[in-house]
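These numbers come from a predicted model, not from an experiment.
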Amino acid sequence: MKYKTAYLGMFTALAMILSYVESLFPSFYGIPGVKLGLANSMSLVILFLIGTSGAFCVSVLRVILSGFLFGNLFSIAYSLAGALLSLSVMAIAKKTRTFSVVGISMLGGISHNVGQLLVAIFLVENLNLLYYLPLLLLSGLLTGLIIGILSREILKRLPGDLLKKNSVPDSGNDNT
């Protein structure tokens, strides 16, 4: 358990770093509000490596902490809605064993944007925002594809027994 907690902390820190790096760029594809979602790659990796509860923990922590550090309450509301819907859809898709990592990521990208759009519609009380849906679906597919490929490559390079006791590097004091 202590190794799992340590890895969750490490992945949370890495997700926050990726959130910060992404906050330095104005937008992805030149479309206001559309971001690549680099930090979401950590959620996807954790979903496959540790499981749903770990991915939810890291995602919620990252959204709240990054929101307070690099955003505001509105960015937290949008990000949290997108993250929770996205992770729910990805967890369900993973359980079906039908989709690849990339396919699950694409579903996550689409659902993340839908979650954010639903919050926007609720906050501004204007259904005309639905006109933005086709663009958000397309951008969710594209960003999900990119994040899925990135996550697949990360998962390929991580040792399969990462969370086992013996896979954690020792302190180097092995008298050999």
Side-chain angles (χ1 to χ4, degrees), residues 11-12 14-48 52-53 55-155:
F11 282 119
T12 301
L14 187 53
M16 288 186 60
I17 290 167
L18 291 172
S19 286
Y20 172 70
V21 168
E22 197 165 41
S23 75
L24 299 175
F25 299 104
S27 66
F28 190 65
Y29 297 122
I31 303 166
V34 174
K35 300 274 186 181
L36 182 55
L38 290 173
N40 295 331
S41 65
M42 291 300 99
S43 299
L44 191 57
V45 167
I46 295 165
L47 182 65
F48 277 87
T52 305
S53 62
F56 273 101
C57 265
V58 168
S59 219
V60 168
L61 273 173
R62 188 239 340 142
V63 166
I64 291 170
L65 293 173
S66 295
F68 282 122
L69 290 172
F70 319 121
N72 55 46
L73 288 176
F74 286 109
S75 67
I76 292 172
Y78 288 117
S79 295
L80 199 54
L84 292 176
L85 182 59
S86 174
L87 270 172
S88 298
V89 168
M90 290 192 300
I92 292 167
K94 182 179 177 270
K95 278 190 178 187
T96 67
R97 298 177 187 244
T98 305
F99 300 96
S100 67
V101 173
V102 176
I104 290 171
S105 178
M106 292 169 77
L107 289 171
I110 290 168
S111 56
H112 186 90
N113 287 349
V114 168
Q116 290 186 330
L117 182 62
L118 291 174
V119 168
I121 289 169
F122 176 76
L123 289 176
V124 299
E125 299 175 356
N126 188 345
L127 285 176
N128 288 331
L129 290 175
L130 283 173
Y131 290 113
Y132 200 40
L133 184 61
L135 184 61
L136 288 176
L137 294 177
L138 180 61
S139 69
L141 275 175
L142 293 173
T143 57
L145 175 68
I146 295 166
I147 294 303
I149 292 169
L150 174 67
S151 299
R152 182 187 64 201
E153 294 305 313
I154 291 170
L155 286 166

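Counting only heavy atoms from C-beta outward, the side chains of Ile121 and Asn126 never approach each other to under 4.5 Å. For the pair Leu142/Leu138, a side-chain contact is recorded, criterion being any heavy-atom separation below 4.5 Å from C-beta on. Taking the side chain as every heavy atom from C-beta outward, Asn40 and Leu18 never approach each other to under 4.5 Å.
When all heavy atoms are compared, the tightest approach of Gly148 to Val101 is O-CG1, 3.9 Å. Closest heavy-atom contact between Gly144 and Ser105: O-OG, 2.6 Å. Closest of all the heavy-atom pairs between Ile110 and Leu141 is CD1-CD2, 3.5 Å. The two residues Leu87 and Ser43 have their closest heavy-atom pair at CD2-CB, 4.3 Å.
Glu22 contributes no side-chain N or O that, together with a main-chain N or O of Ala39, makes up a donor-acceptor pair within less than 3.5 Å. No donor-acceptor distance shorter than 3.5 angstrom exists from the side chain of Ser79 to the backbone of Ile76, with no hydrogens or angles considered.
To the nearest 0.5 Å, atom CZ of residue Arg62 and atom OG of residue Ser19 are 4.0 Å apart. With values rounded to the nearest 0.5 angstrom, Gln116 atom CD is found 10.0 Å from Ser75 atom OG. For the atom pair Leu136 CG and Leu130 CG, the distance stands at 10.0 Å (nearest 0.5 Å). The distance from the CG atom of Leu118 to the CG atom of Leu123 is 11.0 Å, given to the nearest 0.5 Å. Rounding to the nearest 0.5 angstrom, the gap separating the CD1 atom in Ile92 from the CZ atom in Phe99 is 11.0 Å. A distance of 9.5 Å separates CG of Leu155 from CG of Leu47, quoted to the nearest 0.5 Å.
Crowding of Phe70 atom CZ: a count of heavy atoms from other residues, nucleotides or ligands under 6.0 Å exceeding 12.
A side-chain donor-acceptor contact under 3.5 Å links Asn113 and Ser139.
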